[in-house]
Amino acid sequence: MKKLTFLIFISLLFALLFACGGDLGENLSPLYIEVNGDIVGVSLAVDLNKVAKAEFSTQDGNLKGHELDKILAKTSLNFSGGGSVMITAKDGTSALIDLENAKGCFVVETENGFNLVAPNHPRVLGIKEIKELTVISKSKGADFKILYLYGEESYSFGNAKMLFYEQEGGVQTLNGITARKFTPLAKAVTAQSLVGESCFIYLDNFNIVKSDNSKVFSWESGRVCYDGEAVFGIVAGAGDLISKAFYDIKSALDGGEKVIAVLLDGLSLNQVNIFNSQLSILKSGYSATASVYPAISNVALASIITGATPFETDIYERNVKFPAVPDIFDYATETLGLEAIFVEGNSRLVRTNIKQELHPTDDNGFTDSAVYQTARQAVINEVDFVFAHFHGIDDINHDYSPNSAEALAKIKEIEDYIERLIRGFSGKLIIISDHGHSTVDGKGVHEGVFDIYNMFVPYYILDITA
């Protein structure tokens, strides 16, 4: 019986080896080909066993291969309208054709991988040892963005690949089909070469890093990467991040100064620029600063009071919890033994070990007047560190848009609170915003929006003498 079982096992093993094409140790052709770019899922491994082979004729005789258009049909495009496909070899050599011309191109398996054979297409399409197929939409897209102070560049995932390639030679046309050859850029792509200056790089894992020209951007599996980490955006032109407030507060307290930190929720750099001639204390002395992402109050406040990125605070959505790292209130009260007060609106956005002074809304639905009164009393009482969070600008922006007369009126109202708050005060005044607003259908929005109106905010650090 044992002998019969053993013979059956051996028979099944040989059957398996035969089905796999021979010895299991044989170097088999890969079964998958990577398709990335402007497709649902960004990067997919398409199983060629699920794409039937077709026979086609060449000068060297008849061959069989997987039809390129049918391989691409195994994915779902994330755009409507026309587009193209870029066939890239392992050495980076690439050819680009319109998606509508993919029919008649064949992916042929060889000992060294996959080759593209297109007998009725331009010769430039003869790509050997294919690494990936990249779908590129004609639309600009907004999957990867570079923000400058007064403008931005937007790219779809597929179009972002073109940042790393340059066209080589002329355009080839055959049988009415046009193809273009591309090669990788000769020089490494650094922040300097990409945006012309230092910048902040926003990673998929919610970390934010300052550019370092010893590190490079690259294209990997359908994504722009920096030092091997996937990137969704870049902010250029900002002097620092809003987390700078933590370090400036800490430095002032270390130096024996009293500190008032004022958080103006929702105030954008764009608003300060537009309303500049009508402002007073907010008119000048500010620097362009970058918010964190997502640019929402919980996430941004956590970074302001800890000096850390959302990756480090572990706060990257609308939930109320303690940051994963110590905050400035811990430092002021526990390390330095100072008195501190956290003056909030009508609800907590993050948890802290220090008590947060909450306030009900007034008849108009705002807490700004009450926040001012509590903060002012703390200043009169000579509290070492006063942190006052005014919410009204954000509320008005949402209701009327950031460029509205109502927004200007609210900004000027809170300016007046700040000017009254610092009467008789000597020390450091730090004014920071958490995020700005874009205008959509006449109202302000900022939930998950990565643009110049949301990400650039003003930052003030002022020496005040009574």
Side-chain angles (χ1 to χ4, degrees), residues 29-39 43-75 77 79 81-139 156-186 219-222:
S29 297
L31 298 175
Y32 296 93
I33 189 167
E34 181 181 350
V35 182
N36 58 42
D38 297 324
I39 60 173
S43 182
L44 299 174
V46 175
D47 185 356
L48 292 184
N49 286 326
K50 297 180 180 179
V51 181
K53 286 185 177 181
E55 188 173 287
F56 60 97
S57 299
T58 70
Q59 292 180 346
D60 300 323
N62 292 338
L63 296 174
K64 281 190 175 183
H66 305 279
E67 296 173 89
L68 179 60
D69 60 324
K70 292 184 178 178
I71 294 174
L72 298 176
K74 293 294 181 180
T75 69
L77 305 183
F79 63 92
S84 56
V85 57
M86 191 175 195
I87 304 97
T88 300
K90 293 177 182 177
D91 66 0
T93 303
S94 302
L96 186 74
I97 60 166
D98 288 342
L99 285 172
E100 62 187 23
N101 293 324
K103 187 173 180 61
C105 298
F106 301 87
V107 173
V108 177
E109 299 171 47
T110 72
E111 292 182 355
N112 297 318
F114 302 121
N115 292 346
L116 191 78
V117 181
N120 299 311
H121 288 57
R123 291 184 59 189
V124 70
L125 285 169
I127 299 294
K128 293 181 168 39
E129 298 187 31
I130 298 171
K131 175 186 177 182
E132 63 186 10
L133 307 173
T134 303
V135 176
I136 302 172
S137 70
K138 286 186 178 179
S139 60
S156 66
F157 286 126
N159 279 286
K161 180 176 183 176
M162 306 308 292
L163 294 170
F164 300 91
Y165 285 79
E166 59 187 351
Q167 189 169 324
E168 180 181 284
V171 177
Q172 293 184 9
T173 301
L174 180 67
N175 297 326
I177 298 171
T178 298
R180 294 171 173 82
K181 182 180 180 181
F182 286 82
T183 55
L185 294 175
W219 170 264
E220 299 175 30
S221 296

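FYI, side chains are in, hydrogens and waters are out, and symmetry mates aren't considered; it's all heavy atoms of this structure. The shown structure was predicted, so the numbers you read here are calculated from the model rather than taken from an experiment.
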Pairwise side-chain contact, Ile71 with Phe114, heavy-atom cut-off 4.5 Å (strictly under): no
Once you round to the nearest 0.5 Å, how far does CG of Leu63 lie from OG1 of Thr58? 4.5 Å
Looking at Lys74, is its backbone amide N or carbonyl O close enough to the side chain of Lys50 to form a donor-acceptor pair, meaning the two atoms are under 3.5 Å apart? no
Can you list everything that forms a salt bridge (charged side-chain N to carboxylate O under 4.0 Å, His left out) with Glu34? Sequence neighbours excluded, please. none
Would you say that Asn36 contacts Phe157 through its side chain, given a criterion of any heavy-atom pair below 4.5 Å between the two side chains? no
Is there a side-chain contact between Leu133 and Leu68 (heavy atoms, below 4.5 Å)? yes
Which heavy atom of Gly104 sits nearest a heavy atom of Pro119, and at what distance? O-CD, 4.0 Å
For the CG atom of Leu44 and the CG atom of Leu72, what is their distance to the nearest 0.5 Å? 11.0 Å
Got a sec, which pairs hit salt bridge (charged side-chain N to carboxylate O under 4.0 Å, His left out) with one end in residues 126-139, sequence neighbours left out? Glu132-Lys161
Which class fits the ring pair Phe106 and Phe56: parallel under 30°, tilted 30 to 60°, perpendicular over 60°? parallel
Under the side chain to side chain donor-acceptor pair (under 3.5 Å) test, which residues partner Glu220, sequence neighbours left out? Ser218
Ser139 versus Asn159, closest heavy-atom pair with distance: O-ND2, 3.3 Å
Please check if any side-chain donor atom of Asn112 sits under 3.5 Å from a side-chain acceptor atom of Thr110, or the reverse. no
Only counting residues at least two apart or in another chain, list the ones meeting side chain to side chain donor-acceptor pair (under 3.5 Å) with Ser84. none
Are any non-hydrogen side-chain atoms of Ser94 and Tyr165 less than 4.5 angstrom apart? yes
I'd like a table of donor-acceptor pairs (distance under 3.5 Å, sequence neighbours excluded) in which one partner is a side-chain atom from residues 166-174, with atom names and distances.
{"residue": "Glu168", "atom": "OE2", "partner": "Lys181", "partner atom": "NZ", "Å": "3.1"}
{"residue": "Gln172", "atom": "OE1", "partner": "Arg123", "partner atom": "N", "Å": "3.4"}
{"residue": "Gln172", "atom": "OE1", "partner": "Val124", "partner atom": "N", "Å": "3.0"}
{"residue": "Thr173", "atom": "OG1", "partner": "Thr178", "partner atom": "OG1", "Å": "3.2"}

NZ of Lys64 to CD of Glu55, rounded to nearest 0.5 Å, is 6.0 Å
Looking at every heavy atom in both Leu185 and Leu163, which two are closest together, and how far apart are they? CD1-O, 3.2 Å
Sorted by chain and residue number, the side chain to side chain donor-acceptor pair (under 3.5 Å) partners of Asp98 (sequence neighbours excluded) come out as none
What are the two closest heavy atoms between Glu67 and Val51, and how far apart are they? O-CG1, 4.5 Å
Counting distance only, does the side-chain N/O of Asp91 pair as donor-acceptor with the main-chain N or O of Thr93 below 3.5 Å? yes
CG (Leu96) and CG (Leu125) are apart, to the nearest 0.5 Å, by 9.0 Å
Taking all atoms of both residues into account, what is the closest heavy-atom pair of Asn101 and Cys105, and its distance? O-SG, 4.0 Å
Tell me if a side-chain donor or acceptor on Asn175 pairs with a main-chain N or O of Asn120 at a distance below 3.5 Å. yes
May I ask you to test the Val85-Ile97 pair for a side-chain heavy-atom distance under 4.5 Å? yes
If you round to the nearest 0.5 Å, how far is CG of Asn49 from CG of Leu31? 4.5 Å
On a heavy-atom basis, the closest approach of Asn115 and Ile130 is C-CD1, 3.9 Å
